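In what follows, a structure is listed as structure tokens, so that the remarks can point back to it.
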Amino acid sequence: MKIVTVIGARPQFIKAATVSRACKSAGITEILVHTGQHFDANMSEVFFREMEIPEPQYHLEVAGLSHGAMTGRMLERVEQVVIKEKPDVVLVYGDTNSTLAGALAAAKLHIPVAHVEAGLRSFDLKMPEEINRILTDRISRYLFCPTPTAIENLKNEGFGRFPCQMEHVGDVMYDAALFYLEKSRSLKSILQTAGIRQPFFLATLHRAENTDQPERLREIVTALNELHREWPVVLPLHPRTRQQLAALQIPLEVTVLEPVGYLHMLQLLEACACVLTDSGGLQKEAYFFRKPCVTLRDQTEWVELVEAGVTTLAGANRSLIVAQAKEATRKAMNFQTPLYGDGQAAEKIVSILNHHRE
Ligand code: UDP
């Protein structure tokens with residue numbers, strides 16, 4: 001069994017880390033392709049090093065282009081790799097341009113596509129991620145779903161009639177959090193090195209829907225600045241957001257960090273009082289660490305968190321963000337239900353792929 005895995009963005013490195021390890025244990029040959037979508041050392045290299053992800057065999061070096069150009073160039077380069085490597089399956093993760101390019105290149109060459117984190121929907125086609133998810137799902141043979149909601153979404157779109165296999169395996173990010181927790185605890189504390197006092201809010205902000213709309217960005221940052229006067233707001237800042245804030249001259253009065261590695265992120269998650277984020281991954285990680293989350297978006301794919309009452313949607317509304325964050329730190333919440341599987345998602349995925357026959 002030979003798999004070509006296409007990754008390129010930060011959350012994909014984290015997801016791929018667990019599956020790559022499981023592939024290795026199962027004796028599967030995995031060829032890693034890094035598209036180059038995220039290339040800064042602290043957005044890419046740190047994850048490979050800390051999480052012991054094998055060095056990619058291919059670096060496609062596609063970055064910094066418009067969506068169409070980026071996806072097109074990746075498509076062209078992934079196709080060359082797939083033609084050369086002739087894998088049994090091409091594996092893609094999540095919802096970025098690298099996901100879509102990898103899936104499309106493979107499907108056109110009649111190589112089965114396996115999509116990890118399939119079936120998620122925000123039902124907002126303005127989000128580039130939603131377009132990538134829908135198209136990738138439609139051309140995938142294996143749809144590895146993290147939640148029952150994801151399976152339901154696919155069924156509602158008629159996937160039951162398509163030649164594909166839908167599997168509810170749980171979330172590989174939960175596997176990652178469990179696996180790397182010990183390692184993160186043995187690392188020197190970022191709280192100490194960055195002088196972070198508890199209690200604090202942990203924030204991240206990078207979605208195009210927020211960074212590319214000045215009014216939304218301004219509202220959110222004003223809310224974070226306001227909260228910071230009560231408790232520190234610690235914000236590992238995404239390069240795109242940093243650029244936008246500078247261009248729009250929006251003052252940021254919180255504790256700003258460079259993007260941190262995953263192990264430091266786990267330390268911050270373990271120590272914080274509450275998470276404020278527009279990240280998909282971080283909403284779930286807040287839950288893994290039993291922390292309330294204020295989601296800086298109008299909707300979320302992780303609806304079970306909202307239903308469980310541990311995540312609230314504040315959008316980009318300054319007063320809502322502040323009120324929900326304060327409320328979240330006071331309220332008792334239940335984090336008992338295992339919403340994201342049993343920490344064995346990667347093993348399940350690899351076992352299914354290992355039984356793949358044409
Ligand atoms: N993350 C990280 N360092 C940071 C910010 C995020 O390690 O400075 C991790 C985070 O813990 C999660 C993943 O990156 O595992 C989420 O990635 P991101 O927010 O970029 O993408 P999304 O989840 O929204 O697709």
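The shown structure was predicted, so the numbers you read here are calculated from the model rather than taken from an experiment. One-based numbering, in listed order, for ligands and for the atoms of each. Note that the numbering runs from 1 along the sequence shown for the chain.
Checking only distances, F47 never comes within under 3.5 Å of ligand 1, N or O to N or O. Between P236 and ligand 1, no N or O atom pair is found at a separation short of 3.5 Å. Distances between N or O atoms of R207 and those of ligand 1 include at least one value under 3.5 Å.
Counting heavy atoms only, S279 comes closest to atom 16 (C) of ligand 1 of the residues G261, G280, S279. Proximity annotation for atom 1 (N) of ligand 1: of K284, R297, R10, R10 comes nearest, heavy atoms only. Here atom 12 (C) of ligand 1 lies nearest to E285 when heavy atoms of Q12, H238, H38, E285 are compared. Considering only non-hydrogen atoms, atom 9 (C) of ligand 1 lies nearest to I14 out of N42, I14, V46.
For the pair E304 and K284, the salt-bridge criterion is not met [side-chain N within less than 4.0 Å of a carboxylate O]. Salt-bridge annotation for R73 and E76: absent, with no side-chain N of the basic residue lying under 4.0 Å from a carboxylate O of the acidic one. Residues E209 and K126 are not paired through a salt bridge, judged by the lack of any N-O separation under 4.0 Å between the basic side chain and the carboxylate.
Under the 4.5 Å side-chain heavy-atom criterion for grouping Ile, Leu, Val, Met, Phe, Trp and Tyr, V4 is connected to M74 within one hydrophobic cluster.
A perpendicular orientation is assigned to the rings of H356 and Y142, their planes being inclined by more than 60° (bins at 30° and 60°).
No cation-pi contact links R10 to F47, judged by a cut-off of 6.0 Å to the six-membered ring centre and 45° from its axis.
Under a 4.0 angstrom heavy-atom cut-off, H264 registers as lying outside contact with ligand 1.
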